[in-house]
Trainee: 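Pasting a structure below so you can have a look.
Chain A is the first sequence line, chain B the second, and so forth, proteins listed ahead of strands; every chain is numbered from 1.
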2 protein chains.
Amino acid sequence: MTVSINDVARAAGVSASTVSRALRGRPGVSDEVRAQITAVAARLGYTASRSASSLASGRTYTIGVVAPYIGRWFFGTVLDAAEQVFSAAGYDVLLYNLGSPETRKRFFTKLPVRKRVDAVLSLLIPDEDESAALRSLGVPLAAAVGGPRPGFTVVGIDDRAGAESAVRHLVNLGHRRIGMISGTSGPLHWTTPVARRQAYLDVLADAGIEPDPALEADGEYTVEGGERAMTELLAASRPPTAVFAQSDEMAMGALRALRRHRLRVPDDVSVVGFDDHELSDVVGLTTVAQPVAGQGTEAARLLLRQLDEPGTEPPGHVEMPIRLVLRETTAPPRPRGVQ
Amino acid sequence: MTVSINDVARAAGVSASTVSRALRGRPGVSDEVRAQITAVAARLGYTASRSASSLASGRTYTIGVVAPYIGRWFFGTVLDAAEQVFSAAGYDVLLYNLGSPETRKRFFTKLPVRKRVDAVLSLLIPDEDESAALRSLGVPLAAAVGGPRPGFTVVGIDDRAGAESAVRHLVNLGHRRIGMISGTSGPLHWTTPVARRQAYLDVLADAGIEPDPALEADGEYTVEGGERAMTELLAASRPPTAVFAQSDEMAMGALRALRRHRLRVPDDVSVVGFDDHELSDVVGLTTVAQPVAGQGTEAARLLLRQLDEPGTEPPGHVEMPIRLVLRETTAPPRPRGVQ
DNA sequence: AATCTGAACGCAAACGCTTGCGCAACCAAG
DNA sequence: CTTGGTTGCGCAAGCGTTTGCGTTCAGATT
């Protein structure tokens, strides 16, 4: 039925071990024999069984990638980039889509990647328990997006600096009532929303602005959530003249809410996002750009390096550059009294 | 180092075969023994080696998913949905991201999924050669998105009907100069752009409108491409008063181009897209909605069914519903002479 | 009481590779 | 012509499961 290494060996008149060595470029095979075996293997359409070879060798040539919400632009883009690096290096990727709390829990208790992968890349930093579970796998670990974590090589950005630049931009334009749409909920215990919020508060304090709890709302990192959050903020007794959304998707939701309320952007309300989503340019959204695909690529590369050079100590954390991109959703507030 | 089935067997005082049967719910094990084995296995943190078990059984409990451009909303969403179905059924997914022609070619010649997967789901229909390669794997095959193809269970939509409804909508509004931004280029040989174009031409013919080659441009299915294409169309001696873009992303690119040219939508130019992208609502884009996640879910389900009931003949093609969603980017053309 | 029947379990042979080791055959050096 | 060292290859023992078959033993049947 399916052609095995023995079929190739027989057809080439050599032993199975020689076939194995020849096809994998191992020494101990003369050039002529190797060429002949390669030809025979090609003719027979032979592919080594991954199960058998990884059972025998202990290496799987497979990388486990755990990611939440693959459908979202951010994670999809990171995944896309990381996959390209892995497959170019000859690794397959096993994908685990951990959106809901249940699937997430099930994954970390059952750990289906055990004995199946040579390394794990986590998009989004796992919490302490989850990290411990992953460490128990005994394979190199990396994470794209997030802060440092023991046992992991993580690539991320300076969330504080990014959020600061966004909020400071609004302050510099003259805004005093600055709202924030955060993204704290969900099953993901990460530092990003916390860091961005702290930056927001810090900049306000720095500018001598008293923070108003009524100007904070949760947008759940989705467009719909952003729309709801913006609607909430507009319902405040004194609505904001500017809003910092912790992600572009939420910012776009906010834009929709503003349009529904017949408010003009940036004339009535300024909006700044975070991520530089591929469509942010389309809607003219001012935002904090971060290298999204770049983080996936970098994390994948670092992981492969650990696989290639097992001895060396991997970097604990690498930080990618960010920059504020000014577009058309931010402007000075309207003069007081003009309504 | 790592705990094997023999460790469990020894600790439970039974043979390895009994452990195997017990843990997989096979008959031939008393309830007490099974319970005891389960407890011991849990205590030891035992997980069966997938390599070993698939080598012995021939089943991998893994599904290969090949997809182009995971980072794009459409494919990311389909993949997300399909993955959820697979993982809920206990299958792992092996992801192959086939964006560039090179990776695509390499995949189909080397077929790294051989002996590695129980079934293959292809997002985007493969061409004839590629289909033949996949069929040679001897496993169930499905595709999400596209028309019927021998050996495959494919779920898709009626592209012609969808495109017809979009273009007819423009015609009904009174437009006569209707442009199209198509998405034909790239390494993907699929029927979608062809079908949608044909529908466009048919509707025009039906309305007695002479098609103008200068009103067709390729947008490569990307935002940037759509922008370029729109710019091209605007450069025509007699620019269109309405544009049908074969995808929402291209439509958004078109919107951007129009804004750059200081043209108002829909006053100066109407735009209709295709897909109902999650952000289409934000920008108010009129579009043809299709169940994107739904197609992924459905294709995955049908594939699993084939795995569960090997005998039954799977459906060759299932068609999902579409509908035109009217928003704010389409309106009647301005009266003649008014510029 | 002898026989038959299942149920419950163990034995051992695969599954298809990898790899340490052994063994020729060859070459160059003494 | 003997040594010692390479080089090229085969042997066989795993790797950790699954599974067909054989065995044991308790309980039911004559």
Trainee: Whole angstroms only, please: what is the CZ-C1' distance between A/Arg50 and C/dC15?
Mentor: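 Going from CZ in A/Arg50 over to C1' in C/dC15 covers 17 Å.
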Trainee: Output the rounded distance in Å from CG (A/Asn6) to P (C/dC15).
Mentor: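 Spelled out: CG on A/Asn6 to P on C/dC15 is 10 Å.
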Trainee: Does the D/dG10 base have a donor-acceptor partner in the side chain of A/Arg21 within less than 3.5 Å?
Mentor: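 Looking at the base of D/dG10, it does pair with a donor or acceptor on the side chain of A/Arg21 (distance under 3.5 Å).
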Trainee: Does a sphere of radius 6.0 Å around CZ in A/Arg305 hold more than 12 heavy atoms from other residues, nucleotides or ligands, not counting ones at 6.0 Å or beyond?
Mentor: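 No, because the 6.0 Å sphere around CZ of A/Arg305 holds 12 heavy atoms or fewer from other groups.
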Trainee: Does C/dC17 have OP1 or OP2 sitting under 4.0 Å from an N or O in the side chain of B/Lys115?
Mentor: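 For B/Lys115, the contact criterion (side-chain N or O under 4.0 Å from OP1 or OP2 of C/dC17) is met.
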Trainee: With the threshold set at 4.0 Å, does a side-chain nitrogen-carboxylate oxygen contact exist between B/Arg10 and B/Asp7?
Mentor: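 Salt bridge: yes.
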Trainee: Please determine if A/Arg72 and A/Glu220 form a salt bridge, counting it only when a charged side-chain N lies under 4.0 Å from a carboxylate O.
Mentor: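 Result for this pair is no, no salt bridge flagged.
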Trainee: Does any N or O donor sit under 3.5 Å from an N or O acceptor when you compare the side chain of A/Ser54 with the base of C/dC17?
Mentor: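 Per atom types, no contact qualifies.
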Trainee: Classify B/Ser57 by what it touches in the nucleic acid, base, sugar-phosphate, or nothing, heavy-atom distance under 4.0 Å.
Mentor: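 Sugar-phosphate, backbone atoms only, no base.
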Trainee: To the nearest Å, give me how far apart CZ (A/Arg26) and P (C/dT19) are.
Mentor: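 Whole-Å distance recorded here is 6 Å.
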Trainee: Can you tell me the distance, in whole Å, between the CD1 atom of A/Ile5 and the C1' atom of C/dT18?
Mentor: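 About 8 Å, once rounded to whole Å.
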Trainee: Closest approach to the side chain of B/Tyr46, judged atom by atom: which nucleotide of D/dT17, C/dC17, C/dT19 is it?
Mentor: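 Looking only at side-chain atoms, B/Tyr46 lies closest to D/dT17.
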Trainee: Phosphate oxygens OP1/OP2 of C/dG10: is one of them under 4.0 Å from a side-chain N or O of B/Thr18?
Mentor: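 Yes, within the criterion.
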Trainee: Closer than 4.0 Å, any side-chain N/O of A/Ser20 to the OP1 or OP2 of C/dT18?
Mentor: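 It does, given that an N or O in the side chain of A/Ser20 lies less than 4.0 Å from OP1 or OP2 of C/dT18.
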Trainee: Does the base of D/dC15 carry an N or O that pairs as donor and acceptor with the side chain of B/Ser49 under 3.5 Å?
Mentor: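 No such pair is found, so the answer is no.
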Trainee: So which atom in B/Glu83 and which in A/Tyr96 form the shortest heavy-atom distance, rounded to 0.1 Å?
Mentor: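 So the minimum-distance heavy-atom pair works out to OE2-CA, 3.7 Å.
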Trainee: Between B/Ala56 and B/Ser30, who's closer to the 5' end of DNA chain C by nearest nucleotide?
Mentor: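 Per heavy-atom nearest nucleotide, the more 5' residue is B/Ser30.
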Trainee: Are any of A/Ser4's side-chain N or O atoms less than 4.0 Å away from OP1 or OP2 of C/dG16?
Mentor: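 Negative; the distance criterion is not met.
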Trainee: Would you kindly give the CZ-to-P distance between B/Arg116 and C/dG16, to the nearest whole Å?
Mentor: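 That distance rounds to 16 Å.
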Trainee: Atom CG of A/Asp31 to atom C1' of D/dT7: distance rounded to whole Å?
Mentor: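 The answer, rounded to whole Å, is 12 Å.
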